[in-house]
Amino acid sequence: MDITTQTSASPPPPAPLSPAEQKRAARAATRPGDRIFLGLSRGSGIFLLVIMAAIAVFLTWRAVLALSENEGNFFTTFEWNPTGNPPVFGIAVLAFGTIVSSIIAMAIAVPVAVGIALFLTHYAPRRLSGPIAYVIDLLAAVPSIVYGLWGALFLVPKLEGLYGWLDDYLGWTGILAWQGGAPRSLFTVGILLAIMILPIITNVSREVFRQVPQSHQEAALALGATRWEVIRMAVLPFGRSGIISASMLGLGRALGETMAVAMVLSPLFDIQVSLLDFGGGTFAQNIASKFGEASVMGQDALIASGLVLFVITLLVNGAARMIIARRKEFSGANA
Amino acid sequence: MSHATLPDRRSSLRGASLPKWFPWAAAAGSIALGLGISAAAGLQSDIQWGLIAAVLFVIGTYAVASKVEGRRQAKDRVATSLVWVAFILAVVPLASLVYETVKRGVKVLDGYFLSHSMGVVGDAEPGGGIYHALLGTLQQVGIATAIAVPVGVLTAIYLVEYGRGKLARAVTFFVDVMTGIPSIVAGLFILSIWIVTFGMGQSGFAGAMALTILMLPTVVRSTEEMLKLVPNELREASLALGVPKWRTILKVVLPTSIGGIATGVMLSIARITGETAPLLMLVWTTPWINANPFDGPQGSLPVYIYLQYQSSAGVGPGYDRAWAGALTLIAFIMILNLAARGIARWKAPKTGR
């Protein structure tokens, strides 16, 4: 990289130049082709920044328009009625649903995904691990609408038995009580989201586990460690930040997931104590299902909730990227 | 059982160990037990016996191994069995997803289905097809690709070949951030600027713009990675011959990395082809064939699947059509993926010299 810079910047040689040479050097530095190309590529980069800025500006602008009309408290109102007179809407239910379903998804997906990643890098026979990794890569590309279709028509009926079970043994907690409706609840959404974000968490963790220095693992083995002890002493500590950032990338996906949630959840604009009873909602699901019948005011209210989602995902993804970037620096010294 | 499996101790340095077939036997035993328990208790769901079997497998392995081999080995065996259980837990739903889609999709998927629209077919009637949706999806994705690829590749060139300083750092950061934008937010943005502010109607082009926003960051990212793999010696050789920088990039750097760039582009096309939420807002749908992406609602495959599912409520011809649409969509995406990987293998950038 550095060498290219020097060549392209054509540094002036120390010896005094003849006028002809000076002229040629100046022309080389500012060839029209070079200038046009630099302008085009820099322009593309700036265009990208402009889009990001425009997203923030336009969403904020529409959101402010809606919020100035809102008679309820945007953060604590348990109601979504932006077309009423006066308009009242709040995101409390949506924030609750989004966070709860994402937490359930993370609680299931992260351990399983780390398990699969370990399986692929340290347990599976080599002949098997290549094709399996390939298949998991492909599954990451299955669109959410197909997951939604599968979840609504196949997973939901299968979950009734499990729900009855949870209600029988853990119903006394209140959180896992079930009144016997269709299992289209936040809990089901969490399970489906977990399945959807498995591939991405697996892929990123696998990459990290693969980078664990062989010498660390061999050192542990030489001390007589079992395979599990090697993983606990050498692999997991090295991969910890990688696992965290992989989980946060998965979390970012789970937070913004729309269609699968909209197809599986039976929404109800209320916070339920029990996670197994249908009802609740998420930001993205609410936008998708309310959008059709929304007036301009209704659309602006949905945009306001979209802005909140945008900010949350920005924070989560930004944090994940920062952890990855920090890790790159210190693992570079290792390589 | 543990007595029978104790091997003879040939050396005092080796502790007792379980035979190689032990994990398989334990797995088979716990599956049989799980099935037995669920049959005895009358549990009707597959998920339950699976969970019982998994728990029995892990606990049984620990109990037997800690008796025969000692605690450290037992922990190792439990970790191994947990990892296997995690793997199977994940593979089962993913395999079932693919299996169900294929099984239910092939029912109505044929040449007629691919070449006819839903124009004169009611939601509850059999027949009809996805021609209008395929056409719309191809046009919308095509427009998005036509905008996102040049802009994305040029941005990546800027970052790798020119970029230093504040602007490049800002672009890198925001490309990362952009990767995480939920598709519904991209849809809301185009809605607020194109439909609410400029007063344009729903059209395929509006949807394509939202898809562009979703596609751009992945194109930039993958192209950047590929350009970084091009060895510096190639650039220097070209520059040393007096070739201008822009021609060096166009004639040396890009051709060297074109395979990887094509792979990245195809993977990002595969990613946006299944996006539903922004299209639902910005394009909506029509049962008729609308070949003009700049005017009026247009069909698209993901929205078609969603609406067929919604109108059919789980039974009837609409339900079959939804699965057949899903199968077509998955097949399309998988073919793109496989082709992309094929190109990647075939035109792998030659590092070193």
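Letters go in sequence order (proteins before strands), and every chain restarts at 1.
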> Non-hydrogen atoms of chain A under 4.5 Å away: do they reach the side chain of B/I213, the backbone, both or neither?
Replying inline: side chain

> Are A/D34 and B/R247 ion-paired here, with the side-chain N under 4.0 Å from a carboxylate O?
Replying inline: no

>> Would you compute the distance between atom CD1 of A/I287 and atom CD1 of B/I184 and round it to the nearest 0.5 angstrom?
In response: 5.0 Å

>> For chain B, which candidate among A/F283, A/F47, A/Y147 shows the most heavy-atom pairs at distances under 4.5 Å?
In response: A/Y147

> More than 12 foreign heavy atoms under 6.0 Å from CZ of A/R253: is that the case here?
Replying inline: no

> Between B/W323 and chain A, which part of the residue has a heavy atom less than 4.5 Å away: side chain, backbone, both or neither?
Replying inline: both

> Do you know which of B/N337, B/V78, B/L94 has the most heavy-atom pairs with chain A at a distance under 4.5 angstrom?
Replying inline: B/L94

> Among A/F154, A/W150, A/F310, which has the most heavy-atom pairs under 4.5 Å with chain B?
Replying inline: A/W150

>> Tell me if the centroids of the rings in A/Y123 and B/W84 come within less than 6.0 Å of each other.
In response: no

> Which one of B/S96, B/A79, B/A322, B/A168 has the most heavy-atom pairs closer than 4.5 Å to chain A?
Replying inline: B/S96

>> Under a 4.5 Å cutoff for heavy-atom pairs, which residue among A/T226, A/L302, A/I108, A/V316 has the most contacts with chain B?
In response: A/T226

>> Could you report the tightest heavy-atom contact between A/G256 and B/P182, atom names first, then the distance?
In response: CA-CB, 3.7 Å

>> Could you report the tightest heavy-atom contact between B/V171 and A/G45, atom names first, then the distance?
In response: CG2-O, 3.8 Å

> In terms of heavy-atom pairs under 4.5 Å, which option from A/T258, A/N317, A/I55 contacts chain B the most?
Replying inline: A/I55

> Closest heavy-atom contact between B/A90 and A/L198?
Replying inline: CB-CD1, 3.5 Å

> CH2 of B/W246 to CZ of A/R31: how many Å apart, nearest 0.5 Å?
Replying inline: 10.0 Å

> chain A heavy atoms under 4.5 Å from B/V220: which part of the residue, side chain, backbone, both or neither?
Replying inline: side chain

>> Is it the case that the side chain of B/Y309 and the backbone of A/I145 share a donor-acceptor pair, with hydrogens and angles ignored and the cut-off at 3.5 Å?
In response: no

> So which part of A/I132 gets closer than 4.5 Å to some heavy atom of chain B, the side chain, the backbone, both or neither?
Replying inline: side chain

>> side-chain contact (heavy atoms from CB on, under 4.5 Å), that's the test. Do A/F37 and B/I157 meet it? Break it down for me.
In response: CA-CA 10 Å; A/F37 198 74; B/I157 288 175; 3.8 Å; yes

>> With chain B as the partner, which of A/A288, A/S144, A/A54, A/G318 has the greatest number of non-hydrogen pairs under 4.5 Å?
In response: A/A54

>> Would you compute the distance between atom CG of A/L314 and atom CG of B/D176 and round it to the nearest 0.5 angstrom?
In response: 12.0 Å

>> With side chain to side chain donor-acceptor pair (under 3.5 Å) as the criterion, how do A/W61 and B/S192 come out once you've worked through the C-alpha distance, each side chain's angles and the decisive distance to 0.1 Å?
In response: CA-CA 9 Å; A/W61 173 50; B/S192 66; over 6 Å; no

Table please: side-chain donor-acceptor pairs of residues 271-281 of chain B below 3.5 Å, with sequence neighbours left out.
{"residue": "B/T273", "atom": "OG1", "partner": "B/I269", "partner atom": "O", "Å": "2.6"}
{"residue": "B/E275", "atom": "OE1", "partner": "B/S183", "partner atom": "OG", "Å": "3.1"}
{"residue": "B/T276", "atom": "OG1", "partner": "B/G274", "partner atom": "O", "Å": "3.2"}

> Do you know which of B/G180, B/P244, B/P217 has the most heavy-atom pairs with chain A at a distance under 4.5 angstrom?
Replying inline: B/P244

>> To check you understand the geometry: which heavy-atom pair defines the closest contact between B/P93 and A/I195, and what is its length?
In response: CB-CD1, 3.8 Å

>> Determine whether B/R77 and A/W228 satisfy the following criterion, side-chain contact (heavy atoms from CB on, under 4.5 Å), listing intermediate values before the conclusion.
In response: CA-CA 8 Å; B/R77 280 195 186 272; A/W228 165 241; over 6 Å; no

> Heavy atoms, side chains only, cut-off 4.5 Å: are A/S44 and B/Y158 in contact?
Replying inline: no

> Do the non-hydrogen side-chain atoms of A/M259 and B/Y306 ever get within less than 4.5 Å of each other?
Replying inline: yes

>> Could you measure the distance from the OG1 atom of B/T197 to the CZ atom of A/R62? Nearest 0.5 Å is fine.
In response: 5.5 Å

> In Å, rounded to the nearest 0.5 Å, how long is the span from CG of B/L97 to CE of A/M196?
Replying inline: 9.5 Å

>> I'd like to verify something: which residue of B/I88, B/V177, B/V151, B/I333 has the highest number of heavy-atom pairs under 4.5 Å with chain A?
In response: B/V151

> Checking B/L191 against chain A: side chain, backbone, both or neither under 4.5 Å from a heavy atom?
Replying inline: side chain

> Relative to chain A, which segment of B/L329 carries a heavy atom at a distance below 4.5 Å: side chain, backbone, both, or neither?
Replying inline: side chain

>> Between A/R227 and chain B, with a heavy-atom cut-off of 4.5 Å, which part of the residue counts as in contact: side chain, backbone, both or neither?
In response: both

>> For a side-chain contact (heavy atoms from CB on, under 4.5 Å) check, start with the C-alpha distance between B/M178 and A/I51, then their side-chain angles and the critical distance, and finish with the verdict.
In response: CA-CA 10 Å; B/M178 222 172 160; A/I51 291 181; 3.9 Å; yes

> Which distance, rounded to the nearest 0.5 Å, do you find between the CH2 of B/W194 and the CZ of A/F58?
Replying inline: 12.0 Å

> Counting heavy-atom pairs under 4.5 Å to chain A, which of B/L51, B/V98, B/I249, B/T248 comes out on top?
Replying inline: B/I249

> Would you call the rings of A/F119 and B/F87 parallel, tilted or perpendicular if under 30° counts as parallel and over 60° as perpendicular?
Replying inline: parallel

>> Heavy-atom pairs under 4.5 Å with chain B: which of A/D137, A/L307, A/T202 has the most?
In response: A/D137

> Which heavy-atom pair separates A/L149 from B/A326 by the least distance, and what is that distance?
Replying inline: CD2-CB, 3.8 Å

>> If we check salt bridge (charged side-chain N to carboxylate O under 4.0 Å, His left out) with A/E229, which of these qualifies: B/R71, B/K75, B/R72?
In response: B/R72

>> Tell me the closest heavy-atom pair linking A/L49 and B/L167, and the distance in Å.
In response: CD1-CD1, 3.7 Å

>> More than 12 heavy atoms of other residues, nucleotides or ligands under 6.0 Å from OH of B/Y99: yes or no?
In response: no

> When only pairs under 4.5 Å are counted, which of B/V196, B/T101, B/L89 shares the most heavy-atom pairs with chain A?
Replying inline: B/V196

>> At a 4.5 Å cut-off on heavy atoms, which part of B/L82 comes close to chain A: side chain, backbone, both, or neither?
In response: neither

> Side chains of B/I181 and A/M52: does their closest heavy-atom pair fall under 4.5 Å?
Replying inline: yes

> Yes or no on side-chain contact (heavy atoms from CB on, under 4.5 Å) for B/I195 and A/Q299, after CA distance, side-chain angles and deciding distance?
Replying inline: CA-CA 11 Å; B/I195 294 182; A/Q299 289 182 353; 5.7 Å; no

